[in-house]
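In what follows, a structure is listed as structure tokens, so that the remarks can point back to it.
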Amino acid sequence: MAPRIIATGSYVPEKIVTNDDLSKCMDTSDEWIRTRTGIAERRIAEGEEKTKLLTLMKGASEQALRMAEERFPGSFGREAVDLIIAATCTPDMAFPAMACRLQAALSMEGTAAFDLSLACTGFVAALNTADAFIQSGRYKTVLVVGGDVMSRMLDWEDRNTAVLFGDGAGAAILSGDPRFGGEGREDRGFVDMVMHADGTGEEALHCRAMYFNEKEPAKEYMDGRRVFEFAVRKVPEVIREVLDKAGKTPADVSLYVLHQANYRILESVAKRLSEPMEKFPHNIARYGNTTAGSIPILLDELCREGRFKEGDLICLAGFGGGLSYGAALLYW
Ligand code: UT7
């Protein structure tokens, strides 16, 4: 049975850092950042949140669980979730996995739980995994969380990357359980997913350490130009691939929910697919690039704004460190 997304949630830190704030501590300007990326401000974790991606992931998950409880009163409860997958490249610790810590923080003992690391493609990879587990009958309802605290891995001396990222997390609950409308109707749930990676791209985008160490923070490095070129070439390609597999065309898609890395990348993808920008919702102006959080945060905003109608064909696509990229196609 094809699982559906039955609820979403998101959580971003309170602290807003504007482009003007950044221009006070590095050689940059609001004008440069806006015109090159579309970013106006981002959220940056501080205090306890800085050391706890867990706080962000818990906030996003609680929202999604609440939405599911409200949509299915009396039938949905936390015990319905049998697996938690957390996608992140900035876990708080080497282990336990964020998903295990999240399980404890949400009092959801009894679920299976594991992490998945694929940088900005992490959320799409986690959805892919959840979908495959549900379709195989192994699990019924999966809480998928994507989030990162990139601010603690940024090189604040490197204006090329520091201005691009923000912190945040988003969550989605996928279910194939008939009680939550997950029964396999043709026009519902996940249709197909495609994932790729080019491991030779390591030099273009990497962070050498695996977990957060406040005394000796690891620093992200990105060759922006190279990653930009990779994104504008590969994202339209992988979207066409998933559409072809499903016998659909770009025009059949109602909305494209893409990783938010740069507004110009969205424009370029739209152009290459000959699709109007109205089909490419975005929130990069407010959050910057939140890595594994960007797709689920946008998904949650759109869901709460009522932008998805039952039966709409939605295309999600992520890209980034790996160099990895993937797309998913689903009926809302
Ligand atoms: O989620 C992971 C995926 N990541 C991405 O998708 C990011 C992809 N890359 C990009 O979005 C763009 O390449 C950037 C936004 C990172 C850069 O835009 P660009 O149009 O490719 O600029 P550039 O790297 O060619 O730099 C142009 C100029 C350079 O100056 P010179 O050499 O021409 O004098 C840079 O030094 O802009 C300069 N520059 C800046 N100036 C002011 C670079 N960063 C800044 C800055 N403020 N923050």
Side-chain angles (χ1 to χ4, degrees), residues 3-11 51-65 68 78-150 153 168-177 182 190 193 195-197 199 207 209-212 259 290-297 299 316 318 320-322 324-326 328:
R4 305 177 65 192
I5 293 181
I6 62 163
T8 58
S10 59
Y11 183 102
T51 51
K52 281 200 180 150
L53 171 62
L54 185 62
T55 312
L56 277 58
M57 288 191 156
K58 184 180 172 212
S61 303
E62 277 174 339
Q63 272 201 13
L65 291 164
R78 290 176 186 213
E79 67 290 343
V81 175
D82 45 15
L83 170 65
I84 302 172
I85 307 177
T88 184
C89 62
T90 54
D92 293 330
M93 303 188 225
F95 67 91
M98 289 303 303
C100 298
R101 301 178 64 226
L102 193 55
Q103 182 214 55
L106 296 168
S107 304
M108 288 171 66
E109 293 79 4
T111 67
F114 63 87
D115 285 3
L116 188 154
S117 165
L118 200 62
C120 301
T121 320
F123 186 76
V124 172
L127 280 185
N128 204 346
T129 309
D131 173 55
F133 270 135
I134 294 172
Q135 303 246 24
S136 75
R138 197 149 293 169
Y139 296 99
K140 274 202 167 119
T141 301
V142 185
L143 169 64
V144 179
V145 192
D148 278 290
V149 181
M150 285 308 287
M153 303 293 202
I173 300 174
L174 263 71
S175 186
D177 189 328
F190 282 88
M193 305 203 190
M195 305 232 13
H196 294 290
C207 180
M210 235 284 288
Y211 60 96
F212 181 49
H259 170 50
T290 52
T291 312
S294 88
I295 293 175
I297 293 172
L299 204 57
L316 314 182
S324 58
Y325 52 107

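Numbering starts at 1 and runs along the sequence shown. No hydrogens, no waters, no symmetry mates; every other heavy atom, side chains included, goes into these values.
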**Study point:** side-chain contact (heavy atoms from CB on, under 4.5 Å) between Ile5 and Leu299, worked out
**Key:** CA-CA 10 Å; Ile5 293 181; Leu299 204 57; 3.9 Å; yes

Revision key, fill the gap. Residues at least two apart in sequence or cross-chain that pass ring pair (Phe, Tyr, Trp, His ring centres under 6.0 Å) with Phe190, listed by chain then number, are none

Practice item. On the 0 to 90° scale, with breaks at 30° and 60°, tag the Tyr325-His196 ring pair as parallel, tilted or perpendicular. Key: tilted

Revision key, fill the gap. CZ (Arg4) and CG (Asp131) are apart, to the nearest 0.5 Å, by 14.0 Å

Exercise for review: For residues Thr88 and Met57, report the shortest heavy-atom separation together with the two atoms involved.
Suggested key: CB-CE, 3.9 Å

Revision key, fill the gap. Closest non-hydrogen atoms of Leu127 and Met193, given as atom of the first, atom of the second and distance, are O-CE, 3.7 Å

Check your understanding: Side chains of Leu65 and Met108: does their closest heavy-atom pair fall under 4.5 Å?
Key -> yes

Review point. Would a 4.5 Å heavy-atom cut-off, applied to side chains only, mark Leu143 and Ile85 as touching?
Key: no

Check your understanding: Thr129 versus Leu116: any side-chain heavy-atom pair under 4.5 Å?
Key -> yes

Practice item. Step through the shown structure and confirm whether more than 12 heavy atoms of other residues, nucleotides or ligands are within 6.0 Å of CZ on Phe114. Key: yes

Review point. Sub-3.5 Å donor-acceptor pair from the side chain of Thr121 to the main-chain atoms of Ser324, do we have one?
Key: yes

**Study point:** Flag, side chain of Asp148 to backbone of Ala292, donor-acceptor distance under 3.5 Å
**Key:** yes

Check your understanding: Taking Leu56 as the fixed residue, which of Val145, Thr290, Val149 is the one that meets the side chain to side chain contact (heavy atoms under 4.5 Å, CB included) rule?
Key -> Val149

Point to revise | Student check: side-chain heavy atoms of Met195 and Leu118 closer than 4.5 Å | key: yes

Exercise for review: Indicate yes or no: at least one non-hydrogen side-chain atom of Met150 is less than 4.5 angstrom from one of Cys89.
Suggested key: yes

Practice item. Determine whether Ile134 and Leu174 make a side-chain contact, defined as any pair of heavy atoms from C-beta on separated by less than 4.5 Å. Key: yes

Exercise for review: Please report the shortest heavy-atom distance between Ala68 and Ala7, naming the atom on each side.
Suggested key: N-CB, 3.6 Å

Point to revise | Minimum-distance pair of heavy atoms, taken over all atoms of Ala119 and Thr291 | key: C-CG2, 3.7 Å

Check your understanding: Could you state the interatomic distance from CG (Leu83) to CZ (Arg138), rounded to the nearest 0.5 Å?
Key -> 11.5 Å

Revision key, fill the gap. Contacts of Ala99 meeting side chain to side chain contact (heavy atoms under 4.5 Å, CB included) (sequence neighbours excluded), chain-then-number -> Ile84, Ala86, Ala113, Asp115

Check your understanding: Distance from Thr8 atom OG1 to Ile173 atom CD1, nearest 0.5 Å?
Key -> 9.0 Å

Check your understanding: Sub-3.5 Å donor-acceptor pair from the side chain of Gln103 to the main-chain atoms of Glu109, do we have one?
Key -> no

Check your understanding: Between the main-chain N or O of Ala112 and the side-chain N or O of Asp82, is there a donor-acceptor pair closer than 3.5 Å?
Key -> no

Review point. Distance from Leu316 atom CG to Phe123 atom CZ, nearest 0.5 Å?
Key: 7.5 Å

Point to revise | Closest non-hydrogen atom pair, Ala169 against Ala60 | key: O-CB, 3.7 Å

**Study point:** Over all atoms of both residues, closest heavy-atom pair of Pro296 and Gly146
**Key:** CG-O, 4.1 Å

Review point. Which value, rounded to the nearest 0.5 Å, describes the distance between Glu79 atom CD and Thr141 atom OG1?
Key: 10.5 Å

**Study point:** Reported CG-to-CZ distance for the pair Leu53 and Arg101, which is rounded to 0.5 angstrom
**Key:** 8.5 Å

